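First the structure, in the form of C-alpha cells, and then the observations on it.
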Amino acid sequence: MNSQTKNQSMFQGPIVRQALRDSFKKLNPLIMMRNPVMFVVEVGTFITLLMILMPGYFGIQNQMGYTIAVFVILFFTILFANFAEALAEGRGKAQADSLKKTKADTVAKRVNEKGEIEKVSSTELRKGDVVVVETGDLVPGDGEIIEGLASIDESAITGESAPVIKEAGGDFSSVTGGTKVVSDSIKIRITADPGESFLDKMISLVEGASRQKTPNELALNTLLITLTLTFLMVVVTLLPIAGYVGVHLQIATLIALLVCLIPTTIGGLLSAIGIAGMDRVTRFNVLAMSGKAVEAAGDINTMILDKTGTITFGNRMAAQFTPVGSATESEARGAAVLSSLKDETPEGRSVLELSKSQGFTVDPAPYEQAEFIPFAAETRMSGMDANGVIYRKGAVDSIQKYVQELGGEVPADLKEKSDQIAGLGGTPLGVSVGNKIVGLIYLKDTVKPGMKERFDELRKMGIKTIMCTGDNPLTAATIAKEAGVDDFIAESTPEDKIRVIRDEQAQGKLVAMTGDGTNDAPALAQADVGLAMNSGTIAAKEAANMVDLDSDPTKIIEVVSIGKQLLMTRGALTTFSIANDIAKYFAILPAMFTVAIPQMEALNFMNLNSPTSAILSALIFNAIIIPLLIPLAMKGIAYKPMPAAALLRRNLLIYGLGGVIAPFIGIKLIDLAVGLFV
Amino acid sequence: MGNATLQFLLILILLFVIAIPLAKYLQLAFSREETKLDRFFAPFEKFIYRVAGIQSREETGWKKYALSLILANAALLGISYVVLRVQNFLPLNPGKISNMESTLSFNTAISFMTNTDLQHYSGESGLTILTQMIFVTMMMFTSAATGLAVAIAVIRALSSKGKTIGNFYQDYIRANVRVLLPLSVILTILLVAFGVPQTLDASTTITTLEGKAQTIAMGPVASLESIKHIGTNGGGFFGVNSAHPFENPNAITNILQILAMWCIPAALLITYGLMVKNRKQGWVLFGSMMAIFLIVLTVIYCAEQAGNPALNKLGFSSAQGSMEGKEVRFGIPLSSFFTALTTAATTGTVNNMHDTLTPIGSLVPFGLMMLNNVFGGEGTGFVNLLMYAILAVFLAGLMVGRTPEFLGRKIEPREMKLIVIALLIHPLIILGPSAIAFMTHLGTDAISNGGFHGISQVIYEFTSAGANNGSGFEGLGDNTPFWNISTGIVMILGRYISIIALLAVAGSLTQKQPVPETIGTFRTDNATFGAILIGTVLIIGALTFFPVLVLGPIAEFLSIR
C-alpha cells in the first residue's frame, strides 16, 4: 500500500472484471430500488421485454425490431450505471483486500493476573488485556504502550517504510494492530475489542460497507426522484391527451421518452461520485470516518493550524549573525561557521547554510584533525578545538560563564542584543573564540516553503486561517506575517482552541483543525472537520473525524480541495444531466408525433433521419453518456482554487452550456450512424 | 411598432415610479418594530382585533402561522358558500337573481378564496349586488391579504434568525388595512374619474335608436375593479371582464389596471431586497423576471401583430394584426400587454378573449401560468419564485464546491423535500386532471372547438385553476359538475400546498445560523445568478409542459400556417 501501488490505473483488469460481474448482480430489483431513477428505467426495460415476449397481447407484431432495439439500449443503460457504481466500489474493495492480509490472525503474548505470559490468538484479546510485544512480533491489536519504548514499522497502515519510535506516556504511546515491532520490547494495554479496531474500521470504510448517504446526497436524491416523478407524470398523461387528437403513441416510444427525460446520467453516476470521492481521500492516505466529513471539508470557512510542525518546521534555523563588542560581522560569522563546522544537528547545518547564502564558505580541509565538541546537557555548548583555538557556540549565559572562567570579558552590548533577538521570538546563541565573545546567532523558527502560496490559495477559496502557537505574541506575529496567515493566537492553550472554534461556529462558520495530542481531543471533536495525526494519541484519533496516516498536518488543505471537488463534480454532472433534456425533447417529440401529425416535422431542427432513428439516437446518447462520464465521476472535475464567482462561470460554461449543446451534436452524430441501418 | 414600444415604455416607467416607493411602504407596513404608520392605522386595527376577538398578537412559528391561515380561509369559505346558496333570499337583490347551484357555489367560493376568480358564471346574471359586495369584494381583499401575509412572513423568516416568523392575524389585517384598502380607495377614485360607473342601481333602462327599451346592467363597478386588480384577483363584475366598456372604458383605465395588478407583485421583490438588507438580492429577482416578461411580451405582441396565418394565406391584410376577440379601443399593443401581465401576475382579468389569440400568441398566457412565478400573484408569485431560486441555488451552488446555501442558510434534505412537494404539485394538478378530462365525455363534451385547439381549451382551464389565475380560455362549456368540482379541487391544491410548503421552508431556514459570506460563497445577488435563475425556471418549468404545448398551440400553429 505504498504510494506507487496507490496510483493504480482506474481500469485495472481484475477490478474491471469484478465490476462487470457486479453490474449484472445489481440488476436485482431489490438492490435497484435504492436508486429510484434507475429503478424506473429497469421497470421500463421489463415492460419492453414483456412486449417482445408477448407481441400479440401488446399489438406490436410489426414493430418487433424497434421494440427489441429499445429494450437492448435500455438494458445497457442500466448496466452502464451499475458498472459505474461497481467500479467505484471495486477500487475500494481491492484496497480493503490488501488491508485484510495485514489483519491475519496473530499470536499474542498476554500477561495474565499472575503476571505470567500466555500465548493466545489475537482474536481472543479484549479491551483492557495487557500483552507483551517483542522484536519481530506483530502488534496484536490497537493499544497503548504502558511500559517501554520500541521502534515500530507502520508501513502496513501508512505505507511509510521508515520505522517510528513509540514510547509509554505522552503523545506517542498509541500503537495500531497489524504494525510490526522492529526493535526492543513493549507492554501494551489493548484498547479495542476485536472487530472495532482501527484496521477493522479502515477496512469497512474503504470497502464502502459503512457508507451512508450524506445530507447533500439525500437532498439531491430527493430532487432527482421528483424530476423522475414529474416526467413520469408528463409521459403518462401524454397518452390520453395525444389520444384526443388521434395520435396513438407506442408504449416503447413513451418509455424511451421517459428514460431520456429522467435524470439517468446523474442518477447512474451519483453513488459512484460519492464512493470515488471518499476513495480519493483514502488514496491520499487520509482516513475519513464518513462522507459527511469529506463534504464538510468542502464547506470549511476557517482553518485552525498549529504553528509548530504544520506551518513551521519546528526546529530552529540560523537567520542572522550579530557581532558583539569590538568584533565585526565577518568575524562573528567566521567564528559561528567554525564552531558549527562538524556539527551535524539541524541547527549546526543551518549556520553553514546561512553563511553560504551570504557568500562565505570555509574550506574544511585544514580542520580535518580538529576535535569536535558535541552538545552536552551540562555545558549547553558545542564547538570545535582546532590548532589550539577554541570555538564555541551555545546558550548565551553558558557562553558568558565559559569565557569568564577563561578570564575573558563580557561585551557590554551582549545582553541588549540577545534580548533584542529573544524579543523577536528568536533564540540567541552566543559564539566565542577563545575567551572572547564575538557574536550572536539568531536562531529562528522557519516557515515551510510553499506555505505562503497555500494560504493564498485558501484565501482565494474564502477560507480564513488562524495560527495557534505557544509562543509570545511578538514571535507569533512575526511568523504569522511571514507565513501569511490571516490571524493568530499567541500563548494559546488547548482551551483557547476550543474557544476559537466555538466563536467561529457561533457565527455560522465551519471550522477545520488538526491535532495529535490528548489535549487536542476536545477541540478535534468540536471542530466540523478534525484531522488527527496517526502518530497521535488514541484519544485524538477517536475525537477526530479524519485520520492522516502520514501524520502530515498540512494535508488538511488538500482534504478541503477534495471535498470541494466532490461537491462540484456532483453539481456539474447534475446540471449537465438536466441540460441534456432540451436536445432530447427536440429529438423525440417531433419523432413521436410526426407519424400522425406530419406538420410536426417542422420541429425536427436537427434534421434527423427518421422518427425511429431519432428516438433510438436519443436513447443511445442517453445510454453511452454514462460510461463516457465514468472517468470524470471517478477523478472528479478539474479543480483549481479560485473565487466562487470565477469557478461558477467556468463550470456553468462547461457543464451547463456544454450540457445544452453536447447532446445536439451527439444525437446528430449517432443518428447519422443509425441512419445507415434503420 | 414604434407606437407600441412607446406605450410599453410608458407603462414600465410608471411601474418603477410606483413600485419603488411602494416597496419601502410595504417594508414599513409590516415592520416588526413600531413605526410612524402605527399611529395612523392602529385605531382601525385595534377595532378589528376587538371585533374579531383576536387576543394574541404574539409572533408564532410557521406551524401556528399556517394553521391560522387555513382556519381564517376555511371560515370565509364556509360563509361564502352559504351566501351564494341563499342569495336569492337576501336583500339587495333587485335583479331577482336566484340561488347558485351547489357545485357552482363550491367552485365559486373556492375560486374567490384562492385568489383565482375562475368564473363559471356570468357576474351580471349570476350574482346579486349584495353577493358582489359582500362575498366577491370581501374575498378579493382577504385572499390577496392572505397571499401578501405569506410573502411577508417568508421574507421576514429569511431576513432574521429565530423561531418565529410572525403573527398571521396581524399580517393579514395589516395587509388589508394598510395596503389593500388605501390603494383601492385611490384607484377607485381614479377609475371613476376616467368613466367607470359606481352605483347601487343594478341596471338602467335606455331607449335605443330603434326606439326599443334596453336594460343595461350596472352596479358598484369601480370599487370592485380596483381591488380586482390590486389584489391580482381578476373576477370581473361582468361576464366579459375588463373587455366590458364599463369595467375598462378606455386606454387610460386599461393602463391603470395594468399598473394596479403589477405594482404589489413587483414591489414585493424589491421589498425582499430591502428586508434581507441587500437590495441587489431583490433587484436580481426583479431583473430576471422582467427579462422573461419582456421576452414573452415581444412574442405575443409580434404574433398578434402578424395576424392569423390562416387568414393571411387567404389574402386578408394583416396590417391591423389579429383583432378577432380584441377591443378596438385597446389595439394590439395594450391587448397583448394586458394578456401577458394578467397571466404573469396570475390576476386572470382579461381585456380580450384568449381563445382567439393566435396560436403562438396563446403560448404566452399558457407559459406564464405554467411557470406561475414571473412576478406572479399577490405574495404567492414571490413564494413560487423563491422556490425556484432555492432550486437554482441547490443545482448551481454545488458547482462552487460548497454544499448549497441560500442567504447563508444551508439547503438540506428537509428543505429540499418541502420544495419538491411544491414543485411537483403544479404539473400534477394541471396534467393529471387534463388527462382525466380527455378520457371521459364529462370532459371532452365541454370542448367547443375540436382538434389541437380543444387540447388548448382543456389545458388552459386547468392551468388557470392550478396557477390561481382565473382567466378563461373561454369557449369551454365549463359550468358542469365535472368542471366545477375538478377545477375547485385543483384551485385549493394549487394554492395551499405551495403556501404551506414554503412557510415550512421559511420556518426551517429561519432557525439556521447563517453562514457568513466569503469570496468562496455562491452569490445570489449578481447577474450570473439571474441567468441561472432564468435557466432553472425555463428548463425545470418549461420542460414539464413542453409536450402538451406541442400538442396544443404549437400543433395548431403548424397546422394553420
Side-chain angles (χ1 to χ4, degrees), chain A residues 215-216 218-219 222-223 226 229-230 233-234 236-245 247 261 295 298-299 301 459-463 506-510 563-565 567-568 570-572 574-575 578-579 581-582 585 589 593 597 599-600 602-603 639 643-645 647-649 651-652 655-656, chain B residues 391 394-404 408 411-413 415-417 419-420 423-424 427-428 431-432 434-436 438-439 444 451-452 454-455 458-459 512-516 518-523 526 528 531-532 535 539-540 543-548 550-551 554-555 558-559 561:
Chain A
N216 179 257
L218 285 174
T222 310
L223 180 63
T226 307
L229 284 176
T230 307
M233 199 154 69
V234 169
V236 169
T237 55
L238 200 53
L239 197 64
I241 296 175
Y244 176 73
V245 285
V247 179
L261 293 181
E295 272 176 18
D299 280 349
N301 300 84
R459 209 165 294 121
K460 270 191 217 153
M461 299 183 204
I463 297 172
Q507 297 170 41
K509 296 180 183 175
L510 267 71
K564 284 194 179 295
Q565 199 189 20
L567 293 169
M568 277 166 48
R570 200 178 281 153
T574 307
T575 307
I578 294 171
D581 275 6
I582 300 175
Y585 253 139
L589 277 188
F593 298 138
I597 311 167
Q599 299 95 329
M600 286 285 180
L603 292 182
Y639 172 61
L647 207 54
L648 181 66
R649 270 197 299 276
N651 288 332
L652 266 183
Y655 300 98
Chain B
L391 213 55
F394 187 79
L395 287 173
L398 278 174
M399 284 198 286
V400 304
R402 292 178 63 84
T403 56
I411 310 297
E412 287 171 306
E415 289 77 43
M416 219 50 209
K417 275 182 200 144
I419 292 277
V420 299
L423 185 68
L424 203 53
L428 180 72
L431 296 177
S434 297
I436 294 168
F438 283 115
M439 284 192 287
T444 51
F452 307 127
I455 291 190
V458 171
I459 303 281
K512 296 190 181 189
Q513 173 65 45
V515 182
T518 69
I519 193 171
T521 310
F522 177 82
R523 297 183 72 98
N526 57 22
T528 314
I532 295 170
I539 290 186
I540 307 268
L543 282 185
T544 319
F545 295 106
F546 191 54
V548 290
V550 165
L551 279 176
I554 294 175
L558 292 173
S559 61
R561 93 191 153 125

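Bear in mind the structure is a predicted one, so any value in this text is a computation, not a measurement. Per chain, numbering begins at 1; letters A, B, ... match sequence-line order. Heavy atoms only: backbone and side chains are in, while hydrogens, waters and symmetry mates are out.
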Who wins among A/K460, A/R649, A/R459 for the most heavy-atom pairs under 4.5 Å with chain B?
A/K460

Tell me, for B/P514 versus chain A, whether the close heavy atoms (under 4.5 Å) come from the side chain, the backbone, both or neither.
backbone

Using 0.5 Å steps for rounding, measure from the CZ atom of B/R402 to the CE atom of A/M568.
13.0 Å

OG1 on A/T222 to CD on B/E412, rounded to 0.5 Å
12.0 Å

Choice from A/Q565, A/K509, A/E295 maximising heavy atom contacts with chain B below 4.5 Å
A/K509

What closest approach, in Å, do B/G401 and A/K564 show between heavy atoms, and which atom pair accounts for it?
O-CG, 3.1 Å

Heavy-atom cut-off 4.5 Å, strictly under: side chain, backbone, both or neither for A/T574 against chain B?
side chain

For chain B, which candidate among A/I582, A/L652, A/L229 shows the most heavy-atom pairs at distances under 4.5 Å?
A/L652

Taking side chain to side chain contact (heavy atoms under 4.5 Å, CB included) as the test, write out the residues that go with A/T575, two or more places apart.
B/M399

Using the rule given for side chain to side chain contact (heavy atoms under 4.5 Å, CB included), can you reason through B/V400 versus A/N651, listing the C-alpha separation, both sets of side-chain angles and the distance that settles it, and then say yes or no?
CA-CA 8 Å; B/V400 304; A/N651 288 332; over 6 Å; no

Max heavy-atom pairs within cutoff under 4.5 Å with chain B, candidates A/G656, A/G571, A/G243, goes to A/G571

A/L603 vs B/I554, test: side chain to side chain contact (heavy atoms under 4.5 Å, CB included). Steps then yes/no.
CA-CA 10 Å; A/L603 292 182; B/I554 294 175; 4.2 Å; yes

Derivation of the side chain to side chain contact (heavy atoms under 4.5 Å, CB included) call for A/I597 and B/L551:
CA-CA 10 Å; A/I597 311 167; B/L551 279 176; 4.2 Å; yes

Most contact-rich option vs chain A, by heavy-atom pairs under 4.5 angstrom, among B/L428, B/V548, B/T444, B/I419, is B/L428

Quick check: closest heavy atoms across B/V515 and A/G508, and the distance to 0.1 Å?
CG2-O, 3.4 Å

Contact leader toward chain A among B/I455, B/I539, B/L424, B/L543, where contacts are heavy-atom pairs under 4.5 Å
B/L543

Side chain, backbone, both or neither: which part of B/I540 has a non-hydrogen atom closer than 4.5 Å to chain A?
side chain

Report the C-alpha separation of A/L223 and B/L391 in whole Å, then their side-chain angles, then the decisive distance to 0.1 Å, and conclude whether the side chain to side chain contact (heavy atoms under 4.5 Å, CB included) test is met.
CA-CA 9 Å; A/L223 180 63; B/L391 213 55; 3.6 Å; yes

Grab the two heavy atoms, one from A/P643 and one from B/I519, that are nearest each other, plus how far apart they are.
CB-CG1, 3.7 Å

Can you confirm whether A/L648 sits close enough to B/I532 that some side-chain heavy atom of one is under 4.5 Å from a side-chain heavy atom of the other?
yes

Between B/T518, B/V420, B/T528, who has the most heavy-atom pairs with chain A when the cutoff is under 4.5 Å?
B/V420

At their closest point, which heavy atom of A/A602 faces which heavy atom of B/L558, and how far apart are they?
CB-CD2, 3.7 Å

Working to the nearest 0.5 Å, report the span between CD1 of A/I578 and CG of B/L395.
4.5 Å

Just so I know, are the side chains of A/I241 and B/I459 near enough to count as touching, which here means a heavy-atom distance under 4.5 Å?
yes

Part of B/F394 within contact of chain A (heavy atom distance under 4.5 Å)
side chain

Can you list the residues that meet the side chain to side chain contact (heavy atoms under 4.5 Å, CB included) rule with A/L218, with sequence neighbours excluded?
A/K213, B/P413

Select one option (side chain, backbone, both, neither) describing which atoms of A/M600 are under 4.5 Å from chain B's heavy atoms.
both

Parallel, tilted or perpendicular: which one describes the rings of B/F438 and A/Y244, with boundaries at 30° and 60°?
tilted

Quiz question: by atom type and distance under 3.5 Å, do the side chains of B/T403 and A/N216 form a donor-acceptor pair?
no

Just give me the residue among A/V247, A/L510, A/L239, A/L238 that pairs up with chain B most often, heavy atom to heavy atom, under 4.5 Å.
A/L238

Considering residues, nucleotides and ligands other than B/K512, do more than 12 of their heavy atoms fall under 6.0 Å from its NZ?
yes

Which bit of B/L431 comes within less than 4.5 Å of chain A, counting heavy atoms only: side chain, backbone, both or neither?
both

Side chain, backbone, both or neither: which part of B/T544 has a heavy atom under 4.5 Å from chain A?
both

How long is the span from the OG1 atom in A/T237 to the CE atom in B/M439, to the nearest 0.5 Å?
9.5 Å

